[in-house]
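The sequence lines fix the lettering, A, B, ..., with proteins before strands; numbering per chain opens at 1. Heavy atoms only: backbone and side chains are in, while hydrogens, waters and symmetry mates are out.
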Amino acid sequence: MEYRSQKIASWYFTIALLLFVLQVMMGLWLISNYVFTIPQEIVNVFPFATARAMHTNLLVLWMLLGFMGGTYYIVPEETGCDIWSPRLAWLQLIVLVATGVIALAGFAAGWTKGRPLLEIPPPLNYLVVAGALIFLFNVGMTMFKARRWTVIQGVLLGGLVFLALLYLAGIPFYRNEVIDWYYWWWVIHLWVEGAWELVTGAIMAFILMRLTGVDRQVVEKWLYVEIGLFMFTGIAGTGHHYYWIGAPTYWLWVGGIFSALEPLPILLMVIDTMTYVRHRKVQIANPHTWTLAVGCAVFHLIGAGVWGFAHTLPQINYYTHGSQVTVSHGHMAFFGAYALLNITVFYFAMPRLKGIEVYKPTLGKIGFWTMSSAMMLMGITFGIAGVLQSYLERVLGMGYMTAQSYMHLWMAVTLVLGVCFFAGVVITVIDLLFPKPAVKPGGA
Amino acid sequence: MSKKSAFWLFLIGTVSSAVIFLGLTWDMHRQVAALSHADKLSDKVVAGKRTFEHYNCNDCHTILGFGGYYAPDLTRVEQRIGEDGIRYRLRHPELAFASSPRKMPQQHIPEGEIDNLVTFFTWVGGIENGDWPPQDSKNRLTRGEQRLVAGATVSPGAAVFQTKGCMNCHSLHGTGGTFGPALDTIGRQLTMEQIEHYVRDPKSVNPKAMMPPQKELSDRELEEVAKFLAKLK
């Protein structure tokens, strides 16, 4: 660790990891609601809806804290300067975590904006905006003062500004339900298939460059190509959410064509990652970090690329829209693209922040493979339930709950897999919070 | 490829996609009033939307296919179960879902807000959204319903069963609701006269019955539907 101000990142990471554990616990409660009959008295005070709001908001919060911590770790190394104000970084962390805690308590008490994933009500929205502005200001000042611009910095800052701007589209109250959903996707889609991909591209490029010693010029060139493809396919690809909301029918064409191309940049990312690893110029000190980076790229391709493509064409989407197929895709894509990215960053940075150059990878490996295999299988079981739902409910016209009864077994299997996933998460989090140095420093 | 041309590729890719997207967004705003029948978007509909959000309905139910996947889609709920069906479930979810493996919370929603919600759902049901969801599409009758309609020419009772809302609670061959018992073999248990009597006033036979008396059926309709059901053995 060269820069003292990088230390702040470890607090962001630690809190992110604890929220991750909470998120998965909430997920286990949600799947239990599918498997068991929850008595009316419990449903009255803690309905599925409240738990879902918590599950999804915890996801957003921990991932954003992870990105922010990652940024605070990377920016000093990229600019060659300490963070402009570590105090502001602290203030920002306190503001965001306090907002998160109030929001979660509020959900439990029924205080919600009632828009899925964007349940945080208006007064708290402005605290989120304040936290984001402090962050952008702090990062921006660090970069402007250093004046050592790199493409990675530019893409990172651009992605973060884009991310913050899009959040604003979700704040107003829209009278028309159609327009409401139209702009809801400006936040949700343009985040995960736009702004977050920029941040991911930049962070991934930084880590791969550090890990493999591949020339910066090469990494940054391909970063441009990747994000160019992400933006080209992703922005107009938002249209794949506008098929059935009451928007004009040309979205069937625009959404279908652009989103069918969306796997391409992810494929390029996988190829780039593999190429850098093959042409590495330094010995990789921590092979597990490399496993994670490659795992992230591959799972990103499967979860977001393949699973997304599977139901993005309007002819298919007509039957799968709003079914468990979406749940399958959502879980695989978020885990592959963003959970694994964050975990890669954590494994890259957290041991080093504790002064451990080469860490012992045993627990980390167990955690990674448990999580990844459990999530892969969950993607499949959710997917089977979703295909059953699409066919029984949408094609045959069976009643909603009758169709659900045929899916019950698959949801029960998902609960078991969810417990396995949770075990993997706990192992990973413990390993990250208390990393051990490798027995023989420097490797065999 | 040089880094410079990679940069131009990024810039052109981003700008061209953004131009298409923003241009179509502008056009969407021109067309949305007609597609969503914004002339019928009254203050009461908006109040219903606020109620819908206040009770966080959307984190269990989907609407236009978005939201929680724990409960049925609400886009065409008014056409599927009717105003009374909506009101009953909102007032007494603990009764309506007593035998269902999934419950809906009793949130003690005031009558005025229930009114607004019904207005909101009615308006949403009219949005021209490419005939989604398929299960509620009038153009794509489900196979179960097709079978019933085919039978309706020989059995007017089947037509009554299908069009008078019986299927909101009862099912035949897996098609229909799950509140009430499936009626696939009801003729084994009850005669035509017994069915007629029961449908007219369920509580007189079984004081704990949750089925409301079907007052709006004409005598002729009741006779036909009882005849149809009594044959199901």
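- With a 4.5 angstrom heavy-atom cutoff, B/Ser16 touches chain A only via side-chain atoms.
- The contact between B/Ile127 and chain A is made entirely by side chain atoms (from C-beta outward), counting heavy-atom distances below 4.5 Å.
- Among the candidates A/Leu223, A/Asp180, A/Thr249, the residue making the largest number of heavy-atom pairs closer than 4.5 Å to chain B is A/Asp180.
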Run B/Met1 and A/Val225 through side chain to side chain contact (heavy atoms under 4.5 Å, CB included) and show every step you take. CA-CA 10 Å; B/Met1 187 174 17; A/Val225 181; 3.7 Å; yes
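- Contact annotation for B/Trp123: only side-chain heavy atoms (C-beta onward) come within less than 4.5 Å of a heavy atom of chain A.
- For B/Lys4 and A/Tyr224, the positive end is not near the middle of the six-membered ring at less than 6.0 Å and at most 45° from its axis.
- Within the cation-pi definition used here (under 6.0 Å to the ring centroid, within 45° of the axis), A/Arg52 does not qualify as a partner of B/Tyr70.
- Using a 4.0 Å cut-off between a side-chain N of Lys or Arg and a carboxylate O of Asp or Glu, B/Lys3 and A/Glu220 qualify as a salt bridge.
- In this structure, B/Trp132 and A/His321 have perpendicular ring planes: the angle between them is above 60°, well past the 30° mark.
- Ring to ring, A/Tyr183 and B/His29 are close: their centroids are under 6.0 angstrom apart.
- Minimum interatomic distance between A/Gly322 and B/Thr62 (heavy atoms only, all atoms of both residues): O-CG2, 4.4 Å.
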A/Gln389 and B/Tyr69: side chain to side chain contact (heavy atoms under 4.5 Å, CB included), yes or no, with the steps? CA-CA 11 Å; A/Gln389 185 180 7; B/Tyr69 312 102; 5.7 Å; no
Can you check ring pair (Phe, Tyr, Trp, His ring centres under 6.0 Å) on B/Phe21 and A/Trp186, steps first, answer last? CA-CA 11 Å; B/Phe21 185 64; A/Trp186 279 43; 5.5 Å; yes
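- A/Lys113 places no side-chain N or O within donor-acceptor distance of the main-chain N or O of B/Asn56, the cut-off being under 3.5 Å.
- When each of A/Val254, A/Ile227, A/Val45, A/Leu30 is scored by its heavy-atom pairs under 4.5 Å with chain B, the top score falls to A/Ile227.
- With a 4.5 angstrom heavy-atom cutoff, B/Phe97 does not touch chain A via any of its atoms.
- Of the atoms belonging to B/Leu11, not a single heavy atom falls under 4.5 Å from chain A.
- If you measure heavy-atom distances from B/Glu128 to chain A, the contacts under 4.5 Å come from the backbone alone.
- For a residue to count as touching a neighbouring chain, one of its non-hydrogen atoms must lie under 4.5 Å from one of that chain's; by this rule B/Ser2 touches chain A with the backbone only.
- Contacts of B/Ile20 with chain A are made by side-chain atoms alone, with heavy-atom separations under 4.5 Å and no backbone atom involved.
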